[in-house]
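Written out below as structure tokens is the structure these notes cover.
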Amino acid sequence: MSDHFVRRDGALHAEDVAVADIAQRFGTPCYVYSRATLERHYRAFDQALAGVPHQVCYAVKANSNLAVLQVLAKLGSGFDIVSAGELRRVLMAGGDAARVVFSGVGKTAEELRFALEQGVGIFNVESESELRRLDAIARQLHTRAAIALRVNPDVDAKTHPYISTGLKQNKFGVDLVTAERLYLEATHLPGIQISGIASHIGSQLLDVSPYLDALDRVLALVDRLAAKGIEFEHIDVGGGLGVRYRDEQPTEPEDWARAFLPKLAGRNLKVMTEPGRAIAGNAGILVMRVELIKHGETRHFAVVDAAMNDLLRPSLYQAWMDIVPVQDNTAAKPATYDVVGPVCETGDWLGKDRELAITEGDLLAVRTAGAYGFVMASNYNSRGRAAEVMVDGDHAHLVRARETFEDLVRGERVLP
Ligand code: LLP
């Protein structure tokens with residue numbers, strides 16, 4: 001899906017705002033998001049499923065900035081959350097708890113209680129212990145928790161091993177045999193109301209075939225359970241659709257829906273999905289300044305003011321993310337650079353072997369950094385986290401102030 005970051009006369013723009021102006025105004029490093037892009041991507045999912053009852057639950061973990069959640073809440077989005085903190089963000093941003101799906105392998109009793117009190121729509125239960133814990137808490141609160149079991153269909157999503165979740169060696173979900181037993185047991189739990197069945201097999205999936213394999217296995221279980229009198233109202237097909245970082249050809253939501261919807265024909269199941277990356281990924285960039293250029297014996301280094309603490313994906317997954325100049329520099333001689341941060345780790349790099357025409361002081365942008373960018377940032381090396389800006393047409397809004405030193409040490413104390 002395309003985005004609203006475009007070059008005009010050699011200058012990168014976010015919608016109608018020059019990125020260089022944003023850097024000037026808010027400093028660097030700085031994440032810049034495009035509202036129109038977020039909206040376009042949400043609508044692509046919503047329209048792809050328009051022919052059936054459905055609910056798109058944006059995966060908050062991909063980018064949980066309140067303004068991002070607000071933009072999506074205004075469009076009627078539901079939300080997939082994995083912690084009480086994410087739920088509080090959704091509520092603060094105007095999201096509807098009834099349209100929230102609570103996922104995650106390790107929900108604590110307090111989190112479950114809080115979520116029930118707030119009226120969370122669906123709990124995607126990932127273990128027998130969690131099912132029993134949720135039942136007990138719901139009964140204490142004199143309510144019933146609507147659940148789906150997250151089943152692990154044991155299919156290979158063919159993505160990076162760290163972001164593949166649907167194999168039996170992964171910690172996520174329950175296997176199909178256990179799921180069958182747990183559904184039968186759940187019918188006897190007064191605090192539990194069975195609503196659906198869920199699976200999520202991994203992230204950055206470029207192809208629909210693992211989805212289709214997973215769905216076949218899940219639907220076979222649905223049929224076995226129907227024979228035993230258990231009927232579902234919804235099926236949650238998870239998130240995971242990939243985006244283009246380099247030359248990948250990810251499946252578009254429309255084609256994804258066209259591929260799997262026929263399998264659900266005649267089943268009367270509401271379709272839920274939890275896309276994160278496909279909505280937020282190319283709706284954001286990370287803007288950084290070239291602090292200095294260093295010519296090593298064998299390599300050229302562009303040392304920038306962003307680092308692995310701001311954007312961990314290259315270090316953690318060896319992810320290739322595109323790095324482009326914010327403004328063409330026609331005076332500079334092109335060279336091949338390793339783009340590295342100032343953090344004291346050899347693994348602190350954002351891109352390797354990049355052909356760039358730059359001089360010190362130039363601005364660079366990492367493209368497709370809107371998902372799993374800021375949310376994975378840390379304060380390593382006592383670096384404050386970057387500012388976040390949302391562009392809406394010709395306006396740039398600061399949606400998170402850059403962290404100050406005082407923010408960093410808040411809560412710390414020296415000994416008396
Ligand atoms: N639902 C569940 C249960 C998930 O675990 C995830 C992502 C999603 C939905 C959203 O998946 P998406 O549509 O964004 O692929 N930090 C990694 C990605 C981790 C994904 C974790 N789970 C990265 O930067 O590549």
Side-chain angles (χ1 to χ4, degrees), residues 1 31 38 41-42 44-45 48 55-64 68 72 77-83 86 100-107 122-127 130 148-153 157-167 170-174 196-208 210-211 214 218 235-246 248 250-253 256 272-284 286 308 310-321 350 366 368-378:
M1 292 185 281
Y31 277 94
L38 287 167
H41 294 170
Y42 172 81
F45 278 96
Q55 186 174 305
V56 179
C57 294
Y58 166 68
V60 174
K61 65 170 80 69
N63 185 326
S64 56
V68 170
L72 295 170
S77 183
F79 296 94
D80 167 55
I81 59 157
V82 292
S83 69
E86 287 191 349
V100 166
V101 171
F102 196 172
S103 302
V105 284
K107 307 175 190 81
I122 303 287
F123 292 80
N124 279 356
V125 172
E126 299 212 20
S127 64
E130 182 190 336
L149 286 181
R150 172 166 175 192
V151 301
N152 185 332
K158 297 189 177 63
T159 182
H160 189 283
Y162 281 17
I163 52 178
S164 178
T165 51
L167 283 168
N170 298 135
K171 68 179 175 180
F172 299 100
V174 292
I197 188 161
S199 75
H200 169 83
I201 53 174
S203 197
Q204 185 57 8
L205 309 189
L206 296 170
D207 187 52
V208 290
Y211 277 105
V218 171
I235 183 164
D236 181 338
V237 298
L241 270 195
V243 298
R244 181 176 304 130
Y245 289 102
R246 191 175 199 169
E248 302 91 336
T251 307
E252 301 276 328
W256 163 82
M272 317 237 315
T273 179
E274 307 163 356
R277 190 191 313 262
I279 289 182
N282 68 8
L286 172 62
M308 65 188 289
D310 299 298
L311 181 63
L312 188 58
R313 303 194 70 258
S315 303
L316 188 59
Y317 313 116
Q318 290 72 50
W320 193 98
M321 300 179 75
L350 297 171
V366 185
T368 317
Y372 307 111
F374 184 90
V375 285
M376 292 173 76
S378 76

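Remember, it's 1-based here, ligands and their atoms both numbered in the order they're listed.
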Contacting atoms of ligand 1, where contact means under 4.0 angstrom from a heavy atom of P275: 13 (O)

Salt-bridge present (K61, E86; N to O < 4.0 Å): no

Positive for side chain to side chain contact (heavy atoms under 4.5 Å, CB included) with P275, one of V237, V56, D80: V56

N or O pair under 3.5 Å between G240 and ligand 1: yes

Side-chain heavy atoms of F172 within contact of V105, under 4.5 Å: yes

Ligand-residue contact atoms, ligand 1 with M376, heavy atoms, under 4.0 Å: 16 (N)

Heavy-atom side-chain proximity of E248 to W320 below 4.5 angstrom: no

N/O separation below 3.5 Å, R150 to ligand 1: no

Test of proximity, G239 against ligand 1: N or O pairs below 3.5 Å: no

G276: numbered ligand 1 atoms lying under 4.0 Å from its heavy atoms: 12 (P), 13 (O), 14 (O)

Heavy-atom nearest option to atom 25 (O) of ligand 1, drawn from H200, R277, Q204: R277

Ligand 1 versus S203: contacting region, heavy-atom distance under 4.0 Å: both

Validation row: Q204, Y372 side chains within 4.5 angstrom (heavy atoms): no

Shortest non-hydrogen contact from M321 toward L311: SD-CD2, 3.9 Å

Contact atoms of ligand 1, heavy-atom distance to E274 under 4.0 Å: 1 (N), 2 (C), 3 (C), 8 (C), 9 (C), 10 (C), 13 (O)

Region of Y317 engaging ligand 1 - heavy atom pairs below 4.0 Å: side chain

Close N or O approach (S103, ligand 1; < 3.5 Å): no

F123 and F102 aromatic ring geometry - parallel, tilted or perpendicular at 30°/60° bounds: tilted

Heavy-atom side-chain contact between H41 and N282 under 4.5 Å: yes

For D80, atoms of ligand 1 separated by under 4.0 Å from a heavy atom: 1 (N), 2 (C), 9 (C)

